[in-house]
Amino acid sequence: MQASSVEIRKVNKFYGPFHALKDVDLNILPGKVTCLIGPSGSGKSTLLRCINFLEEYDSGEIRIDGQMMGYDAPGRKMSGRKLREMRRSIGMVFQQFNLWPHMTARENVAEGLIRVRGMGKAEAHERASAALTKVGLADKMENHPLRLSGGQQQRVAIARAIAMEPRLMLFDEPTSALDPELVGEVLNVMKTLAAEGMTMVVVTHEMGFAAHVADQVAFMEKGELVGVDTPDRILHQPADPRIQSFLRTYHERNSF
Amino acid sequence: MDFSIFQQYGPALLKGFGNTILCWALGTVFGMALGLVIALIQRYAPKYIRWIVQAYIEVIRGTPFLVQLFVLYYGGPLIGLRLDALPAGLLGLTIYGSPYFAEIFRSGFRAVPHGQIEAARAIGMTELSIVRRILLPLGLVSSLPALINFSIILTKETVILSIITVPELMYQVNRMSTETFRFLEANLVLALFFWLLVETISRVGRRFEARITKHLIERT
Ligand SMILES: Nc1ncnc2c1ncn2[C@@H]1O[C@H](COP(=O)(O)OP(=O)(O)OP(=O)(O)O)[C@@H](O)[C@H]1O
Ligand SMILES: [Mg+2]
């Protein structure tokens, strides 16, 4: 599997007058896992969504394998065709799963293969089955999303993304909408992906996952990327007082 | 009451009922189709086109059906649009229903969670594919109850077509009652036929809805 790199340089994003991303710099190396942590409203989702241009950034550059995302040149947006081309190799997993409720699990996974990759139905369904088997859902392929647990739905969503053979995977709080006992099954699938050398950017509140799986952890606050370092140095010996205070709050909330 | 006159007027009434069903069915289908096109225009077209369409909606919704029919049937020939009563009635029904159907579709589309559209964008689907595969099927499903409801309302608007001499049920009932003075009997028959039609539509509609939403709604 080829893995992408992402370079984020001085990225700024405004919602009207509100400055949501402030000169964000971040390097994401191929085959590595980067976790984005930080308080609510700090801009984690915004940054993640800028990477596949679901959100347009206003200045700076995001380069995927050297190619600028969303723009041909600063200020000149790329064509829809080119944008779709770039998105094909980026998988995204959302907090709310966002499966298509009128399709079975298998149809959800096959849809992109058919519409985007131009595959025949038979081949697409075969690939979809393989992807679903990989995430442990071989026996649920004909279920509609309504007949799946949250954890199963999220695994279908991951299968939908990996069936497209992406070189980069983006996760926006993939376990935050799940009951606690279902978190593990999703994290396990993600760990497998990481072990296979997928480049992953994961917005998460699962500090355990960040500590054990991430190669680097980036901390954001108020639209700024405050620090990025190894999980150990961010989570166990943070120098910046803002990170210290965030972790203190986190530990207080999670201790009982 | 005296129902013996139905031996004489029965065939005409049945034929009238047939025309009522025909006008309703075609008017609904065409009205829905036009409404769907309008809803898609409102969602995707540039704003000048949207303004024009919005003006159309305001005009049609803001005027009585009867007036629209008169303008179409008696005013049409002035601009070279000379239609027989039945086609004029059909066109009238289509136009009259279209803005309501458009509004129903518009809110149906808005009920499709944005995240499901974004998920399709994120894997690189074209906007056209997204409309065909995600927005339309899901939007139509959420529009369904309101669509059925409004088509039931439309059944009763067909009686207005009698005024431009479309030979539907109301027209035949009027003819019969002026010729025989059996107003009560004639109108009872009218009520019975409409009750039959509405009841059938709502039953079929409910069953159709249940089948379509089988995988989409949790039933307890
Ligand atoms: N479409 C929008 N319009 C206006 N403001 C927005 C929009 N989306 C996000 N924001 C604002 O941008 C800021 C960053 O939002 P973002 O969703 O990126 O935060 P986050 O770090 O992902 O938070 P959370 O942990 O709660 O998901 C927030 O203050 C939010 O209110
Ligand atoms: Mg977020």
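Every chain is numbered from 1, with letters handed out A, B, ... down the list of sequences. Scope of the values below: all heavy atoms of this structure, side chains included, with no hydrogens, waters or symmetry mates.
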Practice problem: Can you see which heavy atom on Leu216(B) is nearest to which on Leu146(A), and at what distance? | Solution: C-CD2, 3.8 Å
Quiz item: Looking only at atom types and distance, does a side-chain atom of Asn98(A) sit under 3.5 Å from a main-chain N or O of Gly115(B), one as donor and one as acceptor?
Solution: yes
Self-check item: Side chain / backbone / both / neither for Leu99(A) at chain B, heavy atoms under 4.5 Å
Solution: backbone
Quiz item: Taking the side chain from His215(B) and the backbone from Arg147(A), do they hold a donor-acceptor pair closer than 3.5 Å?
Solution: no
Self-check item: Close side-chain approach of Ile123(B) and Arg87(A), heavy atoms under 4.5 Å
Solution: no
Self-check item: Distance (rounded to the nearest 0.5 Å) between Glu111(A) CD and Met125(B) CE
Solution: 4.5 Å
Quiz item: How long is the gap from CE on Met92(A) to CZ on Arg121(B), to the nearest 0.5 Å?
Solution: 13.0 Å
Quiz item: Counting only heavy atoms not in Asp84(B), do more than 12 sit closer than 6.0 Å to its CG atom?
Solution: no
Practice problem: Would you mind telling me which of Arg117(A), Arg115(A), Arg88(A) has the largest number of heavy-atom pairs within less than 4.5 Å of chain B? | Solution: Arg115(A)
Self-check item: Derivation of the side-chain contact (heavy atoms from CB on, under 4.5 Å) call for Arg49(A) and Glu118(B)
Solution: CA-CA 10 Å; Arg49(A) 292 161 55 83; Glu118(B) 284 194 326; 2.6 Å; yes
Quiz item: Heavy-atom count around Arg110(B) CZ within 6.0 Å, excluding the residue itself: above 12?
Solution: no
Self-check item: Check: Ile134(B) main-chain N/O paired with Trp100(A) side-chain donor or acceptor under 3.5 Å
Solution: no
Self-check item: Other residues, nucleotides, ligands: >12 heavy atoms within 6.0 Å of Glu126(A) CD
Solution: no
Practice problem: Report the distance from atom CZ of Phe94(A) to atom CD of Gln116(B), rounding to the nearest 0.5 Å. | Solution: 10.5 Å
Practice problem: Tell me, for Met103(A) versus chain B, whether the close heavy atoms (under 4.5 Å) come from the side chain, the backbone, both or neither. | Solution: side chain
Quiz item: Between Ala122(B) and Asn52(A), which heavy-atom pair has the shortest distance, and what is it?
Solution: CB-ND2, 4.0 Å
Exercise. Tell me, out of Gln95(A), His102(A), Glu85(A), who's got the most heavy-atom pairs with chain B below 4.5 Å.
Key: His102(A)
